[in-house]
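Just so we're clear, the structure is a prediction, and the values are computed from it rather than from any experiment. Heavy atoms only: backbone and side chains are in, while hydrogens, waters and symmetry mates are out. Each chain gets a letter, A, B and so on, in the order the sequences are listed, and its residues count up from 1.
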Amino acid sequence: MSTTPQAALTQRLRAALAACGLPPERGDVVAAADTRFGDYQANAAMVLAKEAKRNPRELAAQIAEQFDGGDLCAKPEIAGPGFLNFRLEPGWVSRRVGILSADARCGVPEAEERLKIIVDFSSPNIAKPMHVGHIRSTILGDALSRIARFLGHEVVTDNHLGDWGTQFGKVLYGWKHLLDRAALERDPVAEMTRLYREVNAIEQTDPAVHKAAREELVKLQQGDPENRAIWQQLVDLSWAEFEEIYGQLGIRFDERLGESFYDPALAALVEKLLADGVAEISEGAVCVFFRDVPALADKPCLVRKSDGGFLYATTDLATIEYREERWEPDAIWYVTGAPQQLHFQQVFSAARRMGYGTKLEHIAFGSILGEDHKLMKTRSGDNVPLRALLDEAVTRARAMIEEKNPEMPEEEKKHIARVVGLGAVKYAELSQHRMTDYVFSWSKMLSLQGNTAPYLQNAYVRVRSIFRKLGTELGAAENISLTEPAELALAKKLLQFGEVVPTVLHEFRPNLLANYLFETANAFHAFYEACPVLKAEGPARHSRLVLCDTTARVLRQGLELLGVEVPERM
RNA sequence: GCUCCCGUAGCUCAGGGGAUAGAGCAGCGGAUUUCUAAUCCGUUGGUCGGAAGUUCGAAUCUUCCCGGGAGCGCCA
């Protein structure tokens with residue numbers, strides 16, 4: 001089971017084109033823009049007619065004449081300037097739903113070429129709380145990784161922690177002079193943040209402290225055992241908190257090679273860049289110039305400061321070097337915000353200059369805005385801590401359940417609140433085009449109406465409710481017969497799952513999958529209103545049960561690819 | 001100054017060469033002895049920021065302009 005309607009139609013259209021003496025590879029078929037015209041459409045006649053200087057409608061007629069739809073569809077209709085419109089046969093759709101219902105992959109074909117992909121995402125900073133700024137990277141990166149894996153690619157997820165850098169001088173100084181042990185035990189990351197801020201404030205007025213903090217940093221970098229041990233504690237305590245959040249979100253990483261991991265390689269890397277003529281010394285710093293790239297002509301990439309220190313770009317290049325040696329990947333995906341576009345342009349250009357041909361992708365995304373349309377912040381102007389945000393999501397979902405189903409057992413309420421609340425936050429991210437700055441709204445993401453996680457989860461729950469009432473699970477899915485418009489509309493949607501999932505990776509767009517799932521849930525709800533299932537009899541009842549079960553499986557699989565769980569009841 | 005991203009219904013957003021531009025919310029009008037109405041059906045609402053261009057065809061591609069956001073050698 002890997003043939004989608006689109007693939008089947010494309011194959012047949014190509015045969016028709018070949019029979020007309022036209023280039024078969026031009027026979028692309030796409031889902032119809034408007035279902036009034038049919039289920040699928042081909043624009044090939046218009047394109048080819050222009051090239052051949054022929055009348056498009058005549059050419060369309062000729063193609064239609066040669067088109068053999070078999071039991072898949074009848075002769076295509078010709079409309080407008082030369083559209084070919086295809087309508088799937090209900091019998092064929094019914095049979096395909098039967099096959100789909102037994103397919104573990106829900107009709108999603110595996111990628112033709114199995115790629116090795118490293119996905120670099122989340123990357124929070126040690127000694128600082130994770131905040132909303134990390135949420136998009138984390139959720140997007142996880143969803144893209146899941147989808148790539150499902151399509152058969154070999155994926156390595158790597159959390160490139162911010163565990164090295166100038167901030168540690170301040171934290172180390174604070175740790176030694178201002179540490180509140182009790183506070184550290186209560187909330188380690190909060191205490192680290194306090195230390196950083198406090199030292200940062202004192203530094204402004206006390207040059208001696210500024211100097212001392214710098215010295216702590218230098219000692220750390222030189223491998224001083226005491227500072228190294230404190231640093232390790234900072235990392236461990238921070239990671240423990242991050243892991244709690246990742247656990248809650250159901251996200252795991254194959255690797256967590258932070259910036260510190262690459263530090264030992266930086267000096268040699270810069271020397272190599274100089275020796276190879278990739279970089280040059282300018283104003284005391286080591287830079288890579290891109291004089292041949294107009295957009296970067298006046299924007300060199302610094303890899304070593306005039307004081308000998310290394311930079312963000314240096315670490316990123318060392319990271320590429322390491323990943324190349326260890327994994328020889330086909331692609332590396334960086335899921336980080338749009339403001340870093342210039343940085344990645346530079347790093348990618350430098351990597352090519354170093355001779356690496358790996359496909360490097362910066363998967364950029366926009367910002368999250370508050371209700372005031374400005375960058376989302378707390379009232380005091382700080383970043384919103386991620387943990388508090390996730391807790392609130394669960395609390396709000398809990399309140400909804402409490403209102404709707406107060407009699408539900410405590411254990412189940414808790415579970416559902418988590419699944420619905422966290423699902424809502426994730427889905428709100430993923431249903432949005434990644435480049436848009438979007439406005440964070442609790443009421444919208446938790447609404448049962450519209451393109452939201454609860455709406456989709458509810459569709460799943462409705463199906464499960466039917467099977468609970470039925471008392472048994474489904475037997476063999478044979479002799480499916482779908483005739484009602486609402487049945488067929490839903491069935492055709494389900495068959496498109498295998499068409500949609502692969503497109504997500506073309507431009508890294510999980511929102512395409514989200515849109516599809518929303519349309520599917522919508523089609524299901526409409527079917528649910530129009531077609532009784534348990535009250536139906538004979539073949540209709542059986543067919544509808546299969547349709548329901550397949551809907552549930554597609555919704556569950558689709559949401560799982562987005563990292564969203566489904567409850568059995570809500 | 002240079003570069004990148006965004007501008008679509010009152011609001012939040014889809015659609016990124018194809019037909020009469022869609023959805024949710026809000027508004028208006030309906031459907032409930034329920035397989036969970038936590039839903040569904042109907043309806044009002046748009047010079048797709050503006051102007052040129054490419055094309056049989058442009059919200060979509062190109063250029064310029066306007067408006068908003070961001071980034072641009074020694075932070076990450």
Shortest side-chain distance from [X], nucleotide among [options]:
X         : options                : value
Val533(A) : C35(B), A76(B), C2(B)  : C35(B)
His433(A) : G16(B), A76(B), G71(B) : G16(B)
Arg36(A)  : U20(B), A14(B), G24(B) : U20(B)
Asp298(A) : C2(B), A14(B), C74(B)  : C2(B)
Asn522(A) : A76(B), G24(B), C40(B) : C40(B)
Thr166(A) : U39(B), C2(B), C75(B)  : C75(B)
Leu342(A) : C72(B), U39(B), C56(B) : C72(B)
Leu311(A) : C75(B), A14(B), A70(B) : C75(B)
Lys50(A)  : C56(B), G24(B), U39(B) : C56(B)

Short side-chain N/O contact to [N] OP1/OP2 from [X], under 4.0 Å:
X         : N      : answer
Asn451(A) : C25(B) : no
Lys404(A) : A38(B) : yes
His373(A) : U12(B) : yes
Gln341(A) : U3(B)  : no
Gln449(A) : C25(B) : yes
Lys305(A) : C75(B) : yes
Tyr455(A) : C40(B) : yes
Thr436(A) : A14(B) : yes

Do [X] and [Y] have their ring centres less than 6.0 Å from each other?
X         : Y         : value
Phe242(A) : His134(A) : no
Tyr322(A) : Phe261(A) : yes
His362(A) : Phe348(A) : no
Tyr516(A) : Phe497(A) : yes
His160(A) : Phe121(A) : no

- Just call it for Val439(A): base, sugar-phosphate, or nothing, with non-hydrogen atoms closer than 4.0 Å on any strand. sugar-phosphate
- With sugar-phosphate meaning primed atoms plus P, OP1 and OP2, does Ala79(A) contact a base, only sugar-phosphate, or nothing at under 4.0 Å between heavy atoms? base
Give none if [N] has no partner; otherwise give the nucleotide forming a Watson-Crick or G-U wobble pair with it, both distances under 3.5 Å.
N      : answer
G7(B)  : C66(B)
A38(B) : none
A58(B) : none
G1(B)  : C72(B)
G27(B) : U43(B)

Is it the case that [N] (base atoms only) and [X] (side chain only) share a donor and an acceptor within less than 3.5 Å, ignoring hydrogens and angles?
X         : N      : answer
Ser306(A) : C74(B) : yes
Thr452(A) : G24(B) : no
Asn43(A)  : A19(B) : no
Gln41(A)  : A19(B) : yes

- Rounded P spacing from G57(B) to U20(B) in Å: 14 Å
- Task: Using the C1' atom on both, measure A9(B) against G49(B) and round to a whole Å.
- Result: 15 Å
- SB check Arg87(A) Glu77(A) (cutoff 4.0 Å): yes
- Message: Among Thr315(A), Val235(A), Asn125(A), Leu220(A), exactly one meets side chain to side chain contact (heavy atoms under 4.5 Å, CB included) together with Trp164(A). Which residue is that?
- Response: Leu220(A)
- Item | Arg462(A) charged N/C atom sitting above Tyr528(A) aromatic ring, 6.0 Å / 45° | yes
- Task: Take Met570(A) and Ala313(A), find for each the nucleotide of RNA chain B with the closest heavy atom, and name the residue whose nucleotide sits nearer the 5' end.
- Result: Met570(A)
- Which residue lies toward the 5' end of RNA chain B, Phe310(A) or Ala33(A), if each is placed at its nearest nucleotide? Ala33(A)
- For Lys413(A) and A38(B), give me the distance from atom NZ to atom C1', rounded to whole Å. 16 Å
- Query: G73(B): syn or anti, with syn meaning chi within 90° of zero?
  - Reply: syn
- Ring-on-base stacking A23(B) with Phe518(A) (under 5.5 Å, under 30°): no
